[in-house]
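Below: the structure, in structure tokens.
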Amino acid sequence: FIVLDEADRMLDMGFEPQIRQIVQGPESDMPTKELRQTLMYSATFPRDIQQLAREFLKREHFFLQVGRVGSTTESITQDVREVDDADKRTELINVLTEHQNEFM
């Protein structure tokens with residue numbers, strides 16, 4: 001599998017050749033896109049970049065969006081917490097427990 005965060009920015013800023021090298025290059029041990037799980041995350045994903053991203057995705061892929069693509073949404077909030085590395089897991093469990101009735 002491969003996971004790309006801010007995938008639209010990577011593709012938009014010209015990192016397509018490097019991504020191709022990772023997934024298709026002669027030294028790549030990645031499975032083909034039809035056998036590979038590819039996750040691309042982005043808060044915005046313009047249509048032209050979505051078209052480019054499809055080259056790395058299975059033919060039958062899912063596109064999940066919250067709100068309108070390319071704009072902000074009020075249904076997402078950020079909660080920034082400063083946590084020591086050793087306490088991250090415990091803090092994550094605390095946050096999930098605290099908000100467990102809010103998830104779908």
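When reading the values below, keep in mind they use all heavy atoms of this one structure, side chains included, and skip hydrogens, waters and symmetry mates. Model, not experiment: these values are computed from the prediction.
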For Arg59, enumerate each residue passing the salt bridge (Lys or Arg N to Asp or Glu O under 4.0 Å) test, keeping only those at least two apart in sequence or located in another chain.
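Not a single residue meets the salt bridge (Lys or Arg N to Asp or Glu O under 4.0 Å) criterion with Arg59.
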
Other residues, nucleotides, ligands: >12 heavy atoms within 6.0 Å of Glu34 CD:
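Counting other residues, nucleotides and ligands, CD of Glu34 exceeds 12 neighbours.
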
Within a 6.0 Å radius of atom CZ on Arg89, are there more than 12 heavy atoms belonging to other residues, nucleotides or ligands?
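For Arg89, atom CZ is not crowded (no more than 12 foreign heavy atoms under 6.0 Å).
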
Matching residue for Asn94 among Leu96, Thr90, Leu92 - test: side chain to side chain contact (heavy atoms under 4.5 Å, CB included)
Thr90

With a 4.5 Å cut-off on side-chain heavy-atom distances among I, L, V, M, F, W and Y, is there a chain of contacts connecting Leu39 to Phe45?
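Each belongs to a different hydrophobic cluster.
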
Using the rule that two of Ile, Leu, Val, Met, Phe, Trp, Tyr join whenever any of their side-chain heavy atoms come within less than 4.5 Å, decide whether Leu52 and Met13 are in one cluster.
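Cluster IDs for Leu52 and Met13 match.
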
If you look only at distance, which donor and acceptor atoms sit under 3.5 Å apart when one is on a side chain in residues 15-23 and the other is two or more places apart or in another chain?
{"residue": "Glu16", "atom": "OE2", "partner": "Arg20", "partner atom": "NE", "Å": "2.9"}
{"residue": "Glu16", "atom": "OE2", "partner": "Arg20", "partner atom": "NH2", "Å": "2.7"}
{"residue": "Arg20", "atom": "NH2", "partner": "Glu55", "partner atom": "OE1", "Å": "2.0"}

Correct closest heavy-atom pair for Phe56 and Lys33 would be O-CB, 3.7 Å

Donor-acceptor pair between Arg54 and Gln51 side chains, under 3.5 angstrom:
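Note: Arg54 and Gln51 side chains meet the donor-acceptor criterion.
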
May I ask you to list the residues sharing a hydrophobic cluster with Val83, side-chain cutoff 4.5 Å, ordered by chain and number?
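In the cluster with Val83 there is nothing else; it is isolated.
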
Tell me, please, which residues at least two apart from Lys88 pass side chain to side chain donor-acceptor pair (under 3.5 Å).
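Residues passing side chain to side chain donor-acceptor pair (under 3.5 Å) with Lys88: Asp85.
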
Any residue meeting side chain to side chain donor-acceptor pair (under 3.5 Å) with Asp84, in chain and number order, not counting sequence neighbours
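Here no residue qualifies.
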
Check: residues 1-8 side-chain donor-acceptor pairs under 3.5 Å, at least two apart:
{"residue": "Asp8", "atom": "OD1", "partner": "Ser42", "partner atom": "OG", "Å": "2.5"}
{"residue": "Asp8", "atom": "OD2", "partner": "Ser42", "partner atom": "OG", "Å": "3.2"}
{"residue": "Asp8", "atom": "OD2", "partner": "Thr44", "partner atom": "OG1", "Å": "2.9"}

Interatomic spacing from CD in Glu82 to CG in Asp87 - rounded to 0.5 Å
11.5 Å

